[in-house]
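Encoded as structure tokens, the structure appears first; notes follow it.
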Amino acid sequence: MKRTLLIAWVAFVALLAMLQPHDPLAVAPERQFAGPSTEHWLGTDRLGRDLFSRTGYALRRTLLQAGVAEAFGFTFAITGAAALVILQRRLQAAAAAARVAILALRTLPPFLVALSFAVFLRGPSAGMIIALATLSFLFSQPVYEAEMRHALRHPSVEGAVTLGSTGLRILRANLAPLVGPRLIRYAILDFAALVAFAALFSFIGLTNPPEPSIGEMLHDARPYILDHPWMFLGPTATLMVVLLGLWFWKPQTRFVRT
Amino acid sequence: MWQLACLLLGVTLCFVAIVGLPDAAYQRAGPYANEAALQQLRAELALDRSPPARFSIYWRRLWSGDLRSIYTQEPLLDVFPEKLAHTAKVLAAGVGALVVLSAAWVLAYRAFPGLRHFISIAVGATASVPVFLSATLLMYVATLTGTPNWIAAGLALALFPSILLATNIEQRCAAVAHANYRTLEHHYRISRLASLRRLVREFAPTAILIGNAIAFYLVAGVAIVELVFGIPGLGRWMLDSLLRVDLPVIFLTGVAASVSASLVLFAANLVALWADPRHEPRLVAS
């Protein structure tokens, strides 16, 4: 049942992201604020642009950006966490300094950190990916580190060390089955958070119009929410379908175990 | 000690992040300004100086109350208290809503044990709504019902943390109910005070982590709800300044955010130390 729902959800999101019956950038003033119809499934906006095509285009772009950012963020966070766990055993002062630096970065407003990192590589896609990957790293690294520490104290790992197993064997046979599923779960939740952050960044105006983005579409729809609710409901429903799917796929909340 | 290092580094990194932002003189002068005008503006804004020199100039101007917005030329320290008052109002509403909503979630769990599965689904669905979306929807509900903006903003801010808190309260209550030491305490008639002390020690670290997460969420989320509800607080000031690259305002609000986040961490560790003297200040936050 759960697998069927998952497949249906993935197929639905993929179809939504691929289907574009109209040009998402084509302006047609004569069709402005048209309601949902067979020609325009989600209606049109104030410039007569097809909302279904724009939503699909924006969703594909958001998923791609969040996906690439998650891949980078996950890789850096795992590497950082492993490095700190190893450093903790040999160079405690260096590990503490690295942790203070990460914590200090996390005390800064996320918009400022993300924007500043993004400016290093200007460009509509690369900037957003860097911003999202930065956030992913900052918020995931402590969680991954806590997970690794917890796994290292597990009796099976301690037993393997005592019995003299090689590091590679401990990693493959003991650590990976313990930590792997939890890390994948965190990564999925982190991906959902990055999709929401990508929408948020475009909502507050950190993207480049006229390229459609879900947040920017929602921001533009705010003044018309009562008169032309489809402008708001289409992108909202799309974003919620993606986020709810990711949430219910792995519905555990992200806490550090103590 | 490491908390002080974290605070100092946070303030320094805030400035480093500002150095990475686009050219403020270009943003201020516009795309049609000539090179001479740009150079003059860069000199006025101290952008032609090295980053350490600029850092020192910003601190000196802040200290003497002469740090001004590059657009309005207002002294920022004069505007700051007014913005802070708006933000404090939203945060107070957020904390109030957090308590009420968390209690409501927990009571719903307790009152309808048969509907727990559906309540969990409702909780999960509510938690997955991004704050800017829930804030936008609540803004229209507030407009239709005549609710003051700051109360609705607080409600939007508290929605996700209340779920985080309520879920944890439920998990902890279940863990306590089935803990071995409860049976021993009951068997050996250990006093209620000692039992309470044990409970506090047992759950202090988790409570601190959740408290940190909620505090960070409130501080970060306040900017978004202020933007959506049009409340002229510190968060909205920072977002507007980021979009306009108003460097002095970004510096002041960034430092304020960094200091408040560091203070939250510090307070959390003090509480942890009070609750459990065995507790060692940790570098792993929320």
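Letters A, B, ... are given to chains in the order of the sequence lines, protein chains preceding strands, and every chain is numbered from 1.
- No other option in B/Ser128, B/Ser262, B/Ala261 has as many heavy-atom pairs under 4.5 Å with chain A as B/Ser128.
- Checking side-chain atoms of B/Glu226 against main-chain N and O of B/Arg236 turns up a donor-acceptor pair under 3.5 Å.
- For B/Ser258 (side chain) and B/Gly254 (main-chain N/O), no donor-acceptor pair under 3.5 Å exists by modelled atom type.
- Between chain A and the residues B/Val259, B/Leu144, B/Thr136, the largest count of heavy-atom pairs under 4.5 Å involves B/Thr136.
- Listed options B/Leu8, B/Leu9, B/Asp240, B/Val19 were ranked by heavy-atom pairs under 4.5 angstrom with chain A; first place goes to B/Leu9.
- Ring centers of A/Phe74 and A/Tyr186: at least 6.0 Å apart, outside the cut-off.
- The closest donor-acceptor contact from the side chain of B/Tyr109 to the backbone of B/Thr167 lies at 3.5 Å or more, if one exists at all.
- For B/Ile163, no part lies near chain A; criterion is any non-hydrogen pair under 4.5 Å.
- A cation-pi arrangement, defined by a distance under 6.0 Å to the six-membered ring centre and an angle within 45 degrees of its axis, is absent between A/Arg46 and A/Tyr224.
- Side chain of A/Trp230 to backbone of A/Ile225: no donor-acceptor contact under 3.5 angstrom is found.
- Proximity to chain A involves both the backbone and the side chain of B/Leu242, based on heavy atoms less than 4.5 angstrom apart.
- Looking at A/Ile102, there are no atoms closer than 4.5 Å to chain B (heavy atoms on both sides), in backbone or side chain.
- Checking side-chain atoms of B/Tyr58 against main-chain N and O of B/Phe15 turns up no donor-acceptor pair under 3.5 Å.
- Although no hydrogens or angles enter the test, the distance criterion places no donor-acceptor pair under 3.5 Å between the side chain of B/Thr147 and the main chain of B/Thr143.
- Looking at B/Leu13, both its backbone and its side chain come within 4.5 Å of chain A, counting heavy atoms on both sides.
- Looking at B/Val228, both its backbone and its side chain come within 4.5 Å of chain A, counting heavy atoms on both sides.
- Of the two parts of A/Ala199, the backbone and the side chain both hold a non-hydrogen atom closer than 4.5 Å to a non-hydrogen atom of chain B.
- Interface remark: A/Phe232 contributes side-chain atoms only to the contact with chain B (heavy atom separation under 4.5 Å).
- For chain A, the option among B/Leu243, B/Val11, B/Ile18 with the highest count of heavy-atom pairs below 4.5 Å is B/Leu243.
- Residue contact with chain B, scored on non-hydrogen atoms closer than 4.5 Å, involves the side chain of A/Leu218 exclusively.
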